Amino acid sequence: MRDLPSGLRYAILALMAGAAAVHLYFGGFGFPEPITMRGFHLLIFVPPLFLLYPAFPGRSPGRSPSVFDWLWAIIAAAPHAWVLWYADAVSDRMEYVDPFTPQMMALGIICIITLLEATRRAVEPGLAWMVVGCLAYMWWGHHLPGVLNTRDFTLSEIVESAWLVPTAGGVYGPLTGIVATTIAVFIIFGAFMQGSGTGRLFSNFGAVAAGRFTGGPAKVAVVTSGLFGTMSGSSVSNVITTGAMTIPLMKRIGYSPAVAGGIESAASVGGALMPPVMGAAAFVMAEITNIPYSEIIVAAALGAVLYYFAILAAVHFEAKRAGMKPMPASEIPALREILADLHLILPIVALVWLMGERWSGNFAAFCATMGMIGIAMLRRRTRMSPRAIFDALANAGLTMAPLAVSIAGAGIVVSALTATGMVVAFGGIIKELAGGQLGLLLVLLAITVLVLGLGIPTTPSYIIAAAIGVPQLIALGVDMLPAHLFLFYFAVIADATPPVAAAAFAAAAIAGASPTITSVHATRFGIAGFTVGFAFIYDPGIMLHGSLVEIVSAVLLQVAALTLVTSAYAGFLLAPLGILLRVIMGAAGLATAFAHQLPDGARLAIGIGVLVLVSAWQTVRAPKRRIA
């Protein structure tokens, strides 16, 4: 992002703050017609991206936007301004029936081109190229053989489907709608959490809760990143916010830069899995499935806890093996520091309660935001000044702008895949390769999502994968919610898996380490994402579905499996492990997690039995050594 001159910077910040305030107002008092809201949302957030982000970092002007940047911004506003002005006519027109005029054609092409350029600059070039590929497939797909063959689309049909078919997809489709309404208000709530000092509360709590234990700074990184994830749901944002504090601390006590960055990125990625704010993809999931968001966060809660349990276990075993120390006592805040900010937890509790009472997400977030402002006023150290409120609104707007274009781009992809029948064709290819075997189908879908995650952010990756994979899973008897959670988990952890891992790359920049090596460490610390993802399908107890026995059994299976696997690759349980024991424990952990053909009791016996036997063996072998 450019370091703009002060006048232009404040003007853009004022625009972002004003737009966020309007979204917040609508969240509390009702939204206008869908097309009006979506047109306003894109009109406000797309043009500033050309001023905020240079076309080519290092070659384009680093401070002041060029004349071409201003032209891009002005041209980008035109199609959205037209839609906003003629919102009633756009809402009333019959898609593919009413004439698609030359004026609409020109505006549609401008909209697509400017969105592609904004996405390339502000989000990921990979997503922009994927949109181009899907549009090219609509244009040339009728020349391709076999299952890839499509009907012959005219240029007007391609542009109309990508731009002006709000009921089915495209730029103004339902995905943009959910971002412009519910997601926007939750982003604003997260910004007010940060502005009120809730981030300080989480950071201090993490230090007090974990700093005194072996490998304290790394455990602080895990705890605080999970808590920060409840505010932002963005892995890169979590890395930048918490990593600036935790990565230097981890390096100071002996972690290598790449390992420190890997721990931070794995923990930050998990923020998108942590209720009550699980990132934009979870709200999209609620929209796609018609499952209340409150049910989604309840089903996801145990999985998120298990994910962080696994990272904490891995960090603990690594720290024990390396003989690392806790945080210095002088760097651990006093308990009174937490108590002084503890009242800030009340709006979060209120948000969870309101969602549990099935209030609409946008109104619950609006009430929680107003509550956060009011409760922050109770103490001087958390009181938000007018400038702090302005900064929170501006930060929310700056977060929403890249998300707006990425979701609009994902809408074009979904529209193209649906119109061409590629969703059915690609799903058929995967189904044929799987041969009706659920396990193989899950592996293929997991690989597909991880590959998608190489070039596009979590939310578009999840949306595209859900369009392709969920029908196949449902056809094999998987319920709707676990099917979506499975794909959601792999879309999230793709941010930490090589060769392209946005969160790991951000952590590597802070740590001064190789991005690729950092992402490898992030993958191994985030191994729980793989096992928990499959558990949503095979062990539904972790979604709190079933009897108490089934829930407890599912949790114990995951705890045993994750303890075994993390201990095996760290090379430490109660004492250092030899190669043979590491292999045995790793195999037992994988069997406990994935040997679904065995009864749950047998899997649990394997997991707990190996843990008990190895622990007893190490205790007998070294009775005088301090091993705990």
Side-chain angles (χ1 to χ4, degrees), residues 219 222-223 226 229 266-267 269-275 278 296-317 438-439 442-443 446 478-479 481-493 496 522-570 573 584-615:
K219 293 175 180 176
V222 176
V223 174
V269 161
L273 309 173
M274 180 64 70
M278 297 167 57
I296 292 176
I297 62 176
V298 168
L302 268 180
V305 172
L306 288 168
Y307 179 87
Y308 279 100
F309 164 79
I311 301 179
L312 284 170
V315 165
H316 175 78
F317 293 137
L438 178 59
L442 292 171
V443 171
V478 178
D479 291 338
L481 183 55
H484 278 271
L485 285 173
F486 171 82
L487 295 169
F488 172 67
Y489 254 65
F490 281 93
V492 168
I493 62 176
T523 301
R524 71 185 185 91
F525 281 108
I527 191 71
F530 296 91
T531 63
V532 173
F534 280 89
F536 284 124
I537 306 296
Y538 290 106
D539 299 312
I542 69 163
M543 297 186 294
L544 298 178
H545 291 177
S547 66
L548 180 61
V549 172
E550 290 171 327
I551 294 170
V552 172
S553 173
V555 172
L556 290 177
L557 282 167
Q558 292 301 310
V559 168
L562 293 171
T563 303
L564 285 164
V565 171
T566 54
S567 176
Y569 68 60
L573 183 59
I584 291 172
M585 292 185 69
L590 294 175
T592 305
F594 298 114
H596 301 292
Q597 67 275 17
L598 297 176
D600 288 353
R603 291 164 56 203
L604 196 57
I606 292 172
I608 294 179
V610 171
L611 277 175
V612 170
L613 289 173
V614 173
S615 299

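The shown structure was predicted, so the numbers you read here are calculated from the model rather than taken from an experiment. Numbers here simply count residues along the sequence, with the first being 1.
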* Asked: Would you say the side-chain atoms of Ser553 pair up with the backbone N or O of Val549, donor to acceptor, closer than 3.5 Å?
  -> no

* Please tell me if the side chains of Arg524 and Thr566 come closer than 4.5 Å, counting only heavy atoms from C-beta onward. => no

* Pair listing, side-chain hydrogen bond (donor to acceptor under 3.5 Å, both in side chains) test, anchored in residues 584-611, at least two apart -> Asp539-Arg603, Asp600-Arg603

* Structure fact -> Nearest heavy-atom approach of Ala314 to Tyr569 is CB-OH, 3.4 Å

* Considering all heavy atoms of both residues, which atom of Val610 and which atom of Ala588 are nearest to each other, and what is their separation? -> CG2-CB, 3.7 Å

* Asked: How close do Gly589 and Ala561 get, heavy atom to heavy atom, and via which atoms?
  -> O-CB, 3.5 Å

* Leu302 vs Ile551, side-chain contact (heavy atoms from CB on, under 4.5 Å): CA-CA, chis, key distance, verdict -> CA-CA 10 Å; Leu302 268 180; Ile551 294 170; 4.3 Å; yes

* **Gap separating the OG atom of Ser567 from the CG atom of Leu562, nearest 0.5 angstrom** => 12.0 Å

* Asked: What residues form a side-chain contact (heavy atoms from CB on, under 4.5 Å) with Phe534, not counting sequence neighbours?
  -> Leu442, Val443, Phe486, Phe490, Tyr538, Phe594

* Structure fact -> Rounding to 0.5 Å, atoms OG1 (Thr523) and CD1 (Ile493) come to a distance of 8.0 Å

* Structure fact -> To the nearest 0.5 Å, atom CE of Met543 lies from atom CD1 of Ile537 at 7.5 Å

* Structure fact -> Value for CG (Leu557) from OG1 (Thr531), rounded to nearest 0.5 Å, stands at 11.0 Å

* Shortest non-hydrogen contact from Gly586 toward Val565 -> O-CG2, 4.5 Å

* To do: Work out which heavy atom in Thr563 is nearest to a heavy atom in Phe309; give both atom names and the distance.
  => OG1-CZ, 3.4 Å

* NE2-CG distance between His545 and Leu481, expressed to the nearest 0.5 angstrom -> 6.0 Å

* **Distance-minimising heavy-atom pair for Gly303 and Val532** => CA-CG1, 3.8 Å

* Asked: What distance do Leu573 atom CG and His316 atom NE2 have between them, rounded to the nearest 0.5 Å?
  -> 8.5 Å

* Phe536: ring pair (Phe, Tyr, Trp, His ring centres under 6.0 Å) partners, not counting sequence neighbours -> Tyr489

